[in-house]
*Asks:* 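Quick one: the structure is below, and I'll ask about it shortly.
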Amino acid sequence: MKQKLRQILDTALGDIQGAVSKEALENVRVRFLGKKGELTAILRGMGALSPEERPAMGQLANEVRAKIENALDEAASNMERRAFEARIARETIDVTMPGVRMATGRKHPLNIVLDELCDIFVGMGFSIAEGPEVELDYYNFEALNIPKNHPARDTQDTFYVNDNIVLRTQTSGMQVRTMEKQKPPIRMIAPGRVFRSDAVDANHSPVFHQIEGLVVDKGITMGDLKGTLEIFAKRLYGEDTRVRFRPHHFPFTEPSAEMDMMCFKCQGEGCRLCKGEGWIEILGCGMVHPRVLRTCGIDPDVYSGFAFGIGLERIVMRRYKLDDMRLLFENDARFLSQF
Ligand code: DAH
């Protein structure tokens, strides 16, 4: 029996040393010390020994049990310590390593200039309105004095959703939406996306942006229109900017005009940039047509107003000397990161 105990001790210690996981240790414990374990079986067999042998054997068996238990405990705590050390080593941070730079976004050039433009008008007391890009034919055309069959619809050949709904071709519908909701005095601008069935080239895109403007009050004249838009041009392009107004036609204004600015490159001489004109067109404008006022429930005998529409892309292209509008829509980070 003595020999058997020694053998159990040796095997158990060997197994403990070889165990690589907590599970393996538990298996060892069960195998030797469990209810049906090998050592337990020996202890049970003690009864068969003679009374003289019993105390010595009992003591030896208890020593063996204690040794196995100690070895198990020690192995378990070693295992825990090693796992902890490994984790610490794994999670060590080298604070001297260079960091990973996060790429930050920035404003799109269209928005940089739009924000500037809004600031200029807000500074003159205008408020900013926003409206739907999917618009009723009524607001986009009809209420702006462009009935069905009017030739002005052709030049804005558009995307129809159905007979009554279009992707708006101009922000001018916001004049109507504003006047329906608000009584004069009105001073508002409405920036937004517009859509036309145009083929893409250096100067055209089926999606582009306009900023609509509207002022309605008692006694508003063409002089207010000219003064306001001239100040706008000077704020945007500098105090020595010169502008001129050319007669034009828009169905919803009367009289109508286009505003040009003197070519900043040739100072009016005529060059490639201005196509020999000496002037560059920057917006359409005019006095709000009495019929439009009336349609919106504003009495044209009491009130008058002016309106204008600015193409944002052109202004941005001029500002940054871009020769191709497509640059603004391609979302090429190499281009956009320059602003
Ligand atoms: N909506 C016009 C266009 O897209 C631009 C325009 C012209 C707007 C004259 C106006 C205006 O408000 O008075 O061509």
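Atoms within each ligand, like the ligands themselves, are counted from 1 in listed order. For the numbers below, each heavy atom of this structure counts, side chains included, while hydrogens, waters and symmetry mates do not.
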*Asks:* What residues, two or more places apart in sequence or in another chain, satisfy salt bridge (Lys or Arg N to Asp or Glu O under 4.0 Å) together with Asp115?
*Replies:* Lys107

*Asks:* Under 3.5 Å, N/O to N/O: give me all the pairs between ligand 1 and the protein, one per line with atom names and distance.
*Replies:*
{"residue": "ligand 1", "atom": "1 (N)", "partner": "Gln170", "partner atom": "OE1", "Å": "2.7"}
{"residue": "ligand 1", "atom": "1 (N)", "partner": "Ser172", "partner atom": "OG", "Å": "2.9"}
{"residue": "ligand 1", "atom": "4 (O)", "partner": "Arg196", "partner atom": "NH2", "Å": "2.8"}
{"residue": "ligand 1", "atom": "4 (O)", "partner": "Gln210", "partner atom": "NE2", "Å": "2.9"}
{"residue": "ligand 1", "atom": "12 (O)", "partner": "Gln175", "partner atom": "NE2", "Å": "3.0"}
{"residue": "ligand 1", "atom": "12 (O)", "partner": "Glu212", "partner atom": "OE2", "Å": "2.6"}
{"residue": "ligand 1", "atom": "12 (O)", "partner": "Phe308", "partner atom": "N", "Å": "3.3"}
{"residue": "ligand 1", "atom": "12 (O)", "partner": "Phe308", "partner atom": "O", "Å": "3.2"}
{"residue": "ligand 1", "atom": "13 (O)", "partner": "Ala307", "partner atom": "O", "Å": "3.2"}

*Asks:* Is it the case that Glu212 and Gln175 place a side-chain donor and acceptor less than 3.5 Å from each other?
*Replies:* yes

*Asks:* Treating Ser127 as the side-chain partner and Met188 as the backbone partner, does any N or O pair qualify as donor plus acceptor under 3.5 Å?
*Replies:* no

*Asks:* To which residues is Met262 joined in a hydrophobic cluster, defined by side-chain heavy-atom contacts under 4.5 Å among Ile, Leu, Val, Met, Phe, Trp and Tyr, whether direct or through other members?
*Replies:* Trp279

*Asks:* Who are the salt bridge (Lys or Arg N to Asp or Glu O under 4.0 Å) partners of Arg87, not counting sequence neighbours?
*Replies:* Glu91

*Asks:* Angle class for the Phe335/Phe339 ring planes (parallel below 30°, perpendicular above 60°, tilted otherwise)?
*Replies:* perpendicular

